[in-house]
Amino acid sequence: MFNKRVLIKNLLNLEPDNQKVSVMGWVRTFRNDQFIALNDGSTNKNLQVVLELGKFDNELLKRITTSAALKVDGVVIPSPGKGQKLEIKATSVEILGDSDPEKYPLQPKKHSLEFLREIAHLRFRTNTFGSVFRVRHALAFAIHEFFNDRGFLYMHTPIISASDAEGAGELFHVTTLPLNNVPKNEDGSVNFNEDFFQRSTNLTVSGQLEAELGATAFGNVYTFGPTFRAENSNTARHLAEFWMIEPEMAFYDLEDNMDLAEDFIKYIIKYAVDHNREDLEFLTQRLEEEEKQLPLEKRNEMKLLGKLEFVLQHQFERITYTEAIDILTESNYNKKKKFQFPITGWGMDLQSEHERYLVEKHFKKPVIIRNYPKEIKAFYMRQNDDGKTVAAMDILVPGIGEIVGGSQREERLDKLEQRMKEMNIPEKDLWWYLDIRRYGTVPHAGFGLGFERIVQFVTGMGNIRDVIAFPRTPGNAEF
Ligand code: 4AD
Ligand code: MG
């Protein structure tokens, strides 16, 4: 019975011709005991359901309240009203689920994003989150399409890991040891021999190291899965649990890597622009409204859809880290001491305000920075001949900053071992990673795209908590 329902998105494209249809969804509004605006999540557009006066029982009409779930049978007719081509003249209405209008938290009015975060279990039923999550879905689909079309193998890397791929120590430990009675060694350290895996384990921060193993057999692979970082950053761009896409390619150098990353980002943005225009138009309007509250200089110069079209039409700027430092040093911002973190010269790590200056004020488009000082990058990056830099690349976009981090990998065993020693990365835990350099090592490269950050970029949502269904951030794991 339920399978016969028509999606409202498809129904709205029909030519009205008295077709008999069955629709199901949730009530957005109900006016004059006659007009139901019904939404089923397939589009922000509501279906107008018309109830003939006097034909339906009063008890039933009382139960048609905001967010009640309905099954409506009826016929598709041209709508005399403005704003819609067609409507449904109901022949029967069945209440599948009541919704108490006194208690339902999502009244049909404007709510703040902060408030909606507290009722994240219901926020999908708003237009904003409807659009955001349909775009998120489209981007995920486009990612698989992009790689599948190019012969990449989708690889599932483990969630539980014994290594820290980034070496940054931002790990969530995984243990079954009793927290109130942790077994200890004689020297006072935790005795992980008694733990589930008989060793210390954590949630993965990245699938890259395992993806490298795959790339050296399949050539091109990618991962797309959740990653976890216990970094205590309460910002609009950081999550403790986020999704990452990590392609890894054999026979690739840094240049190939940058080319692929740029093509990839443009491909998935184009997919959303082509397939989700209605949602992106809605989000463009939403952002415009939101920005009206900001002073002029804080507003985006381009509207959301315009920005996406612009990104598709222009090449990303490519500069070296050294050039980036020169630009920042020479900038008026620096001279007028407007940066919170001063520019201290070559060797410093770039803060997000510096990255955003480069993309938003200086280049006004996405920028790829390459060849960073080895001291501020991970152990696995390929060392350049200058002895100072590594073949790393970050992609920065306006409004967000870094969305991609990647590099050519160090494929030379001796160089890799030397770097691991210098950086105190224990070789014994990564014997398998080193083995790849022993048996048929090849130049290879890869990168990681933060999925929520690209969703933010495409939807124009300012806070990363609003582009993932149930955000995990310091102090918050509700739902
Ligand atoms: O730059 P990151 O740390 O690089 C890696 O993890 C590499 N293993 C990737 C690779 O080469 N295969 O992270 C990659 C991207 C960042 O550019 C950012 O977009 C996103 O992941 N990211 C986060 N997104 C949300 N919340 C966080 N806490 C994030 N940390 C990184
Ligand atoms: Mg990074």
Side-chain angles (χ1 to χ4, degrees), residues 139 143 147 152 155 157 161 163-172 203-215 220-249 252 254 257-258 260-261 264-265 268 321 349-352 354-355 359 366-370 372-373 376-382 390-397 399-410 425 433 444-458 461 463-468 471-474 476:
L139 290 170
I143 286 164
F147 288 120
F152 281 61
M155 186 171 165
T157 52
S161 167
S163 53
D164 177 358
E166 292 304 303
E170 295 161 341
L171 305 175
F172 285 105
L203 294 177
T204 187
V205 295
S206 156
Q208 177 198 320
L209 303 192
E210 290 89 351
E212 283 185 55
L213 312 181
N220 296 336
V221 301
Y222 71 105
T223 74
F224 186 176
T227 48
F228 306 86
R229 299 205 183 166
E231 55 187 326
N232 208 350
S233 320
N234 239 319
T235 78
R237 317 178 309 139
H238 286 91
L239 290 166
E241 175 179 298
F242 63 101
W243 287 65
M244 188 156 47
I245 301 96
E246 296 187 276
E248 193 68 35
M249 297 73 64
Y252 255 62
L254 190 66
N257 201 26
M258 292 190 289
L260 181 80
F264 169 56
I265 290 171
I268 62 176
Y321 166 87
D349 205 352
L350 298 181
Q351 301 295 327
S352 96
H354 307 138
E355 299 175 337
V359 284
V367 176
I368 312 184
I369 304 181
R370 66 178 187 283
Y372 282 80
I376 58 172
K377 288 291 179 185
F379 71 95
Y380 51 70
M381 297 189 177
R382 193 175 197 277
V390 286
M393 63 108 175
D394 277 5
I395 302 185
L396 322 175
V397 296
I400 312 245
E402 179 191 336
I403 54 164
V404 161
S407 70
Q408 188 172 339
R409 317 306 188 190
E410 185 55 82
I425 310 283
Y433 187 69
H444 64 287
F447 61 85
L449 169 71
F451 187 49
E452 284 74 20
R453 292 204 184 159
I454 190 78
V455 180
Q456 264 191 290
F457 183 70
V458 175
M461 298 301 284
N463 195 312
I464 199 164
R465 293 166 179 80
D466 297 329
V467 299
I468 187 164
R472 269 71 181 108
T473 50
N476 179 33

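Both ligands and their constituent atoms are indexed starting at 1 by order of listing. It should be emphasised that the depicted structure is a prediction, and the values quoted were computed from it without experimental measurement.
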Enquirer: With a heavy-atom distance limit of 4.0 Å, tell me whether F242 approaches ligand 1 through its side chain, its backbone, both, or neither.
Expert: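 The answer is the side chain of F242.
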Enquirer: Hey, which atoms in ligand 1 end up nearer than 4.0 Å to a heavy atom of G405?
Expert: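 Those of ligand 1 that fall under 4.0 Å from G405 are 1 (O), 9 (C), 10 (C), 11 (O), 17 (O).
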Enquirer: Tell me whether L239 has any N or O atom under 3.5 angstrom from an N or O of ligand 1.
Expert: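 So ligand 1 has an N or O lying under 3.5 Å from an N or O of L239.
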Enquirer: Return the residue, atom name and 0.1 Å-rounded distance of the protein heavy atom closest to atom 14 (C) of ligand 1.
Expert: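 For this ligand atom, the closest protein heavy atom is M244 SD, 3.4 Å.
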Enquirer: Which protein heavy atom lies closest to atom 7 (C) of ligand 1, and at what distance to 0.1 Å?
Expert: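 For atom 7 (C) of ligand 1, the nearest protein heavy atom is E166 OE2, 3.2 Å.
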Enquirer: Please state whether the separation between the Mg ion (ligand 2) and some N/O/S atom of E402 is under 2.8 Å?
Expert: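 Yes, E402 qualifies, because one of its backbone or side-chain N, O or S atoms lies under 2.8 Å.
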Enquirer: Can an N or O of S206 be found at a distance shorter than 3.5 Å from an N or O of ligand 1?
Expert: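 Yes.
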Enquirer: Examine the proximity of ligand 1 to R409 and report which part, side chain or backbone, both or neither, has a heavy atom under 4.0 Å away.
Expert: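 For R409, only side-chain atoms sit under 4.0 Å from ligand 1.
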Enquirer: Is ligand 1 under 4.0 Å from a heavy atom in the side chain of E231, in the backbone, in both, or in neither?
Expert: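 Answer for E231: side chain.
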Enquirer: Answer side chain, backbone, both or neither: which part of R237 comes under 4.0 Å from ligand 1, heavy atoms only.
Expert: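 R237 to ligand 1: backbone contact only, side chain stays beyond 4.0 Å.
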Enquirer: With heavy atoms only and a cut-off of under 4.0 Å, state how V404 meets ligand 1: side chain, backbone, both or neither.
Expert: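 Backbone only; the side chain of V404 stays clear of ligand 1.
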Enquirer: Can you find a non-hydrogen atom of Y222 under 4.0 Å from ligand 1?
Expert: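 Outside the 4.0 Å threshold, so no.
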Enquirer: Can you tell which part of E246 has a heavy atom less than 4.0 Å from ligand 1: side chain, backbone, both or neither?
Expert: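 Contact part for E246 vs ligand 1: side chain (C-beta onward).
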Enquirer: Hey, does G450 come in under 3.5 Å of ligand 1, counting only N/O atoms on both sides?
Expert: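 Yes, at least one N or O pair falls under 3.5 Å.
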Enquirer: Can you tell me which residue and heavy atom of the protein come closest to atom 3 (O) of ligand 1, and the distance to 0.1 Å?
Expert: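 Protein heavy atom with the smallest distance to atom 3 (O) of ligand 1: R229 NH1, 2.7 Å.
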Enquirer: Quick one: look at F457 and ligand 1, take heavy-atom pairs under 4.0 Å, and tell me if it's side chain, backbone, both or neither.
Expert: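 No part of F457 comes within reach of ligand 1.
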Enquirer: Would you check whether G406 reaches within less than 4.0 Å of ligand 1, judged by its heavy atoms?
Expert: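 Contact check G406 vs ligand 1: positive.
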Enquirer: Examine E248 against ligand 1 and note whether any of their N/O atoms are separated by less than 3.5 Å.
Expert: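 For ligand 1, there is no N or O atom that lies under 3.5 Å from one belonging to E248.
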Enquirer: Quick one: pull up NE2 in H354 and CG in L396 and give me the separation to the nearest 0.5 Å.
Expert: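 If I round to the nearest 0.5 Å, the distance is 12.5 Å.
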